[in-house]
Amino acid sequence: MSADAMEQHRQQVLARARGKVLEVGFGTGLNLPFYPATVEQLTALDTNPGTLAIAERRLAKTAIPVEKVTLNGESLPMVAASFDTVVSTWTLCSIARVSQALDEIHRVLKPDGKFLFVEHGLSPDRSVRVFQNRLNSWQKAIADGCNLNRNIPRLIEDADFEILELESFYAKGLPGFMGYFYKGIAQKR
């Protein structure tokens, strides 16, 4: 997800970030250049300490205060209602207990906060869905638990979020089975 074609999606999603931000699945810090000046502090959450180490070069270039936290999104130690914005970019596909992680995101988000996301997932086209379902076990095995066939909007809504904006589309340059994207903004109901 580091291709130049993904940058526009990162930039569009992150333009709405403000205040105290939690990024679930920080990885190597690819989102850092796209956070606007409205971000006061960033908590960078990732399960892999190796990716946080790789992010050091990008972290050195940002003026945003960043707290790095190595743990998964399924059990967050943060106080309830402590973040203005929570961000997830191409992360929900690989969280084992994704519903639990979304419940945690809901818990730590302030009542007027926003959940910003861009994810890949289940296609509305039957022929593509069949292919996604057939390939999913292989994809999970070779791509660190990444699922091709998650219904991202349904998962978000089931976690008691209201989706305020949603754009869904096939990304250019990717095969349909892995390039059906959901990009949007949600808030607590």
Side-chain angles (χ1 to χ4, degrees), residues 1-46 51 54-55 57-59 61-66 73 83-95 98 101-102 105-106 108-125 128 132 143 146-157 159 161-189:
M1 303 321 271
S2 63
D4 291 343
M6 301 303 124
E7 285 187 1
Q8 71 175 350
H9 303 301
R10 291 178 194 282
Q11 190 169 22
Q12 289 167 355
V13 167
L14 296 171
R16 304 286 283 275
R18 64 173 179 80
K20 191 174 175 186
V21 177
L22 170 65
E23 183 177 334
V24 178
F26 182 76
T28 61
L30 292 171
N31 288 336
L32 272 175
F34 304 108
Y35 278 110
T38 53
V39 173
E40 299 164 11
Q41 186 207 344
L42 174 64
T43 300
L45 178 77
D46 205 281
T51 59
I54 294 168
R57 187 172 40 101
R58 289 185 180 100
L59 288 164
K61 294 179 183 178
T62 187
I64 301 169
V66 179
F83 291 96
D84 300 294
T85 309
V86 178
V87 171
S88 174
T89 58
W90 298 290
T91 301
L92 296 179
C93 63
S94 60
I95 297 175
V98 68
L102 284 163
I105 288 169
H106 188 277
V108 300
L109 193 62
K110 290 181 179 178
D112 62 342
K114 300 293 184 272
F115 175 40
L116 312 176
F117 60 91
V118 60
E119 301 286 345
H120 72 97
L122 190 65
S123 167
D125 300 315
V128 176
Q132 287 177 314
C146 174
N147 289 269
L148 297 169
N149 60 356
R150 286 191 170 163
N151 186 329
I152 299 300
R154 181 177 297 148
L155 288 166
I156 292 170
E157 288 173 337
F161 282 102
E162 174 186 1
I163 296 178
L164 304 175
E165 296 177 22
L166 181 64
E167 182 183 352
S168 53
F169 55 94
Y170 286 104
K172 293 179 183 174
L174 290 175
F177 69 89
M178 65 186 320
Y180 193 75
F181 285 6
Y182 297 97
K183 181 168 51 176
I185 301 170
Q187 70 180 15
K188 289 181 170 185
R189 288 188 200 180

*Residues two or more places apart in sequence or in another chain: which of them pass ring pair (Phe, Tyr, Trp, His ring centres under 6.0 Å) with Phe177?*
Phe131
*Are the side chain of Tyr182 and the backbone of Leu122 linked by a donor-acceptor contact shorter than 3.5 Å?*
yes
*Do Ser123 and Tyr170 come within less than 4.5 Å of each other through their side chains, counting heavy atoms only?*
yes
*Ala186 and Ile156: which non-hydrogen atoms are nearest, and at how many Å?*
CB-CG2, 4.0 Å
*asked:* Could you work out, with salt bridge (charged side-chain N to carboxylate O under 4.0 Å, His left out) as the rule, every residue matching Glu157, not counting sequence neighbours?
replied: none
*Would you check, one step at a time, whether the test side chain to side chain contact (heavy atoms under 4.5 Å, CB included) holds for Lys188 with Glu162?*
CA-CA 6 Å; Lys188 289 181 170 185; Glu162 174 186 1; over 6 Å; no
_What's the separation between atom CH2 in Trp90 and atom CG in Leu30, rounded to the nearest 0.5 Å?_
9.0 Å
*asked:* Measuring centre to centre across the rings, with the benzene-like ring taken for any Trp, is His120 within less than 6.0 Å of Tyr180?
replied: no
_Applying side chain to side chain contact (heavy atoms under 4.5 Å, CB included) to Phe34 and His9, what does each step give before you reach the verdict?_
CA-CA 10 Å; Phe34 304 108; His9 303 301; over 6 Å; no
*asked:* On a heavy-atom basis, which atom in Asp46 and which in Gly27 lie closest, and how many Å separate them?
replied: OD2-N, 2.6 Å
*State which residues pass side-chain hydrogen bond (donor to acceptor under 3.5 Å, both in side chains) with Asn151; sequence neighbours excluded, sorted by chain then number.*
none
For a quick test of your reading: what N or O donor-acceptor pairs under 3.5 Å do the side chains of residues 108-118 make, sequence neighbours left out?
| from | atom 1 | to | atom 2 | distance (Å) |
| --- | --- | --- | --- | --- |
| Lys110 | NZ | Asp84 | OD1 | 3.0 |
| Lys114 | NZ | Asp112 | O | 3.4 |
| Lys114 | NZ | Gln187 | OE1 | 3.1 |

_Residues that Glu40 engages under salt bridge (charged side-chain N to carboxylate O under 4.0 Å, His left out), provided they are two or more places apart_ = none
_Using side-chain heavy atoms (C-beta onward) and a distance below 4.5 Å, is Glu23 in contact with Leu42?_
yes
*Leu22/Thr85 under side chain to side chain contact (heavy atoms under 4.5 Å, CB included): CA gap, chis, key distance, verdict*: CA-CA 6 Å; Leu22 170 65; Thr85 309; over 6 Å; no
*Considering all heavy atoms, the nearest Gly29-Ala55 contact*: N-CB, 4.0 Å
_Ser94: partners by side-chain contact (heavy atoms from CB on, under 4.5 Å), with sequence neighbours left out_ = none
*Could you tell me whether the side chain of Asn31 reaches within less than 4.5 Å of the side chain of Val87, counting heavy atoms only?*
yes
*Sequence neighbours excluded, which residues qualify as side-chain contact (heavy atoms from CB on, under 4.5 Å) partners of Pro65?*
Gln41
*Is any side-chain heavy atom of Leu102 closer than 4.5 Å to a side-chain heavy atom of Leu92?*
yes
*Partner residues of Lys183 under the salt bridge (charged side-chain N to carboxylate O under 4.0 Å, His left out) criterion, sequence neighbours left out*: Glu167
*Got Leu174 and Met6 here, is their nearest side-chain heavy-atom distance under 4.5 Å?*
yes
*Would you please name every residue forming a side-chain contact (heavy atoms from CB on, under 4.5 Å) with Ala15, sequence neighbours left out?*
none
_Quick one: does any side-chain atom of Arg150 pair with a main-chain N or O of Gly121 as donor and acceptor, under 3.5 Å?_
no
*Applying side-chain hydrogen bond (donor to acceptor under 3.5 Å, both in side chains), name anything that partners Ser88, two or more places apart in sequence or on another chain.*
Glu119
*Could you pull out all residues at least two apart from Pro36 that satisfy side-chain contact (heavy atoms from CB on, under 4.5 Å)?*
Ala17, Thr38, Val39
_Qualifying residues under salt bridge (charged side-chain N to carboxylate O under 4.0 Å, His left out), relative to Arg58, sequence neighbours excluded_ = none
*Check step by step if side chain to side chain contact (heavy atoms under 4.5 Å, CB included) holds for Thr51 and Phe26.*
CA-CA 8 Å; Thr51 59; Phe26 182 76; over 6 Å; no
*Hey, does Thr89 have a side-chain heavy atom less than 4.5 Å from the side chain of Val24?*
no
_Least distance between heavy atoms, Leu148 atom then Gln132 atom_ = O-NE2, 3.1 Å
*Is a side-chain N or O of Arg16 found less than 3.5 angstrom from the main chain of Ile185, in a donor-acceptor match?*
no
